[in-house]
Amino acid sequence: MTPPGAATSPSDTPDDRVFEIRIEFEGTIRTIFAYRSEFLLDAAARHGLFLPRTCRQGWCTTCAARVEQGGAEHSAAKRFFEADAAAGFSLLCSARPLSDMTVVAGQHAAFREHRINSGLPVPRA
């Protein structure tokens with residue numbers, strides 16, 4: 001199945017399941033489709049939704065989002081901790097969906113506060 005906004009599947013492997021991702025950002029809610037092998041930030045851009053980002057490596061935390069429903073894996077992130085996921089955060093630039101999801105983007109400040117309160121590394125502002 002090819003989701004709207006995609007010309008073709010990145011590959012024909014079983015990892016290319018398609019998930020529905022609801023993204024709330026600046027008062028609007030958009031529903032996009034993301035492949036299991038695709039970073040959520042890239043999927044959003046493919047659908048014309050350009051979210052805050054800087055490093056695209058899971059380091060700077062500019063792309064931080066709060067996960068309201070569902071889950072993602074962050075094995076590609078340079079700096080993402082279990083405590084970040086446990087607190088309900090995701091870094092969209094390095095997050096690949098594991099299920100349908102609902103996220104609230106634009107959570108950089110809240111993510112920084114979480115890191116400070118948890119004693120975890122905080123990138124410069």
Side-chain angles (χ1 to χ4, degrees):
M1 169 182 166
T2 302
T8 60
S9 170
S11 73
D12 294 320
T13 67
D15 249 5
D16 282 329
R17 291 167 285 166
V18 176
F19 297 109
E20 183 176 290
I21 313 296
R22 288 175 39 94
I23 300 174
E24 180 180 334
F25 180 60
E26 295 183 341
T28 63
I29 298 173
R30 292 270 310 268
T31 299
I32 66 168
F33 296 91
Y35 293 107
R36 168 65 183 92
S37 62
E38 184 176 31
F39 295 125
L40 294 175
L41 189 66
D42 293 337
R46 183 168 48 78
H47 286 271
L49 179 59
F50 299 95
L51 300 170
R53 65 202 172 281
T54 301
C55 76
R56 299 182 59 90
Q57 298 177 3
W59 182 267
C60 73
T61 74
T62 301
C63 66
R66 179 156 315 267
V67 178
E68 301 287 320
Q69 178 184 344
E73 66 91 8
H74 294 85
S75 63
K78 297 284 186 194
R79 190 186 287 179
F80 189 79
F81 300 94
E82 288 183 28
D84 298 332
F89 288 101
S90 180
L91 296 177
L92 299 180
C93 73
S94 57
R96 293 182 179 107
L98 295 173
S99 64
D100 293 340
M101 296 179 70
T102 300
V103 300
V104 179
Q107 299 297 304
H108 177 67
F111 191 76
R112 285 181 58 80
E113 184 176 327
H114 149 71
R115 285 274 182 93
I116 290 166
N117 293 338
S118 299
L120 295 170
V122 181
R124 285 179 257 146

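- Between Glu68 and Glu24, every side-chain heavy-atom pair lies at or beyond the 4.5 Å cut-off.
- Judged by the 6.0 Å and 45° rule, Arg17 forms no cation-pi pair with Tyr35.
- Following chains of ILVMFWY side-chain contacts shorter than 4.5 Å, one cannot reach Phe81 starting from Phe89, and the two form parts of different hydrophobic clusters.
- Arg66 contributes no side-chain N or O that, together with a main-chain N or O of Gly106, makes up a donor-acceptor pair within less than 3.5 Å.
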Result block: side-chain N/O donor-acceptor pairs under 3.5 angstrom for residues 90-99, not counting sequence neighbours:
| unit_1 | atom_1 | unit_2 | atom_2 | d |
| --- | --- | --- | --- | --- |
| Ser90 | OG | His74 | NE2 | 2.9 |
| Arg96 | NE | Ser37 | O | 3.3 |
| Arg96 | NH1 | Glu73 | OE2 | 3.4 |
| Ser99 | OG | Gly71 | N | 3.2 |

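- Hydrophobic clustering keeps Val104 apart from Leu40 (ILVMFWY residues linked when any side-chain heavy atoms are closer than 4.5 Å, directly or through intermediates).
- At distances below 3.5 Å, at least one donor-acceptor pair connects side-chain atoms of Arg46 with backbone N or O atoms of Phe33.
- Centroid-to-centroid, the aromatic rings of His108 and Phe111 stay 6.0 Å apart or farther.
- Of the charged side-chain nitrogens involved, at least one lies within less than 4.0 Å of a carboxylate oxygen, so that Asp84 and Arg115 count as a salt-bridged pair.
- Placement of Ile21 and Val67 within a single hydrophobic cluster is found when ILVMFWY residues are connected by side-chain heavy-atom separations under 4.5 Å, directly or transitively.
- No more than 12 heavy atoms of other residues, nucleotides or ligands lie within 6.0 Å of CD in Glu113, so this atom counts as exposed by the packing criterion.
- Cluster annotation: Leu41 and Val103 are assigned to the same hydrophobic cluster (Ile/Leu/Val/Met/Phe/Trp/Tyr, side-chain heavy-atom contacts under 4.5 Å, transitive).
- Within 6.0 Å of atom CZ in Arg22, 12 or fewer heavy atoms from other residues, nucleotides or ligands are found, so the atom counts as exposed in its surroundings.
- Residue Ile23 forms a side chain to side chain contact (heavy atoms under 4.5 Å, CB included) with just one option from Thr31, Leu51, Thr102, and that option is Leu51.
- Under the 4.5 Å side-chain heavy-atom criterion for ILVMFWY residues, no single connected hydrophobic cluster contains both Phe39 and Leu49.
- Side chain of Arg79 to backbone of Pro123: no donor-acceptor contact under 3.5 angstrom is found.
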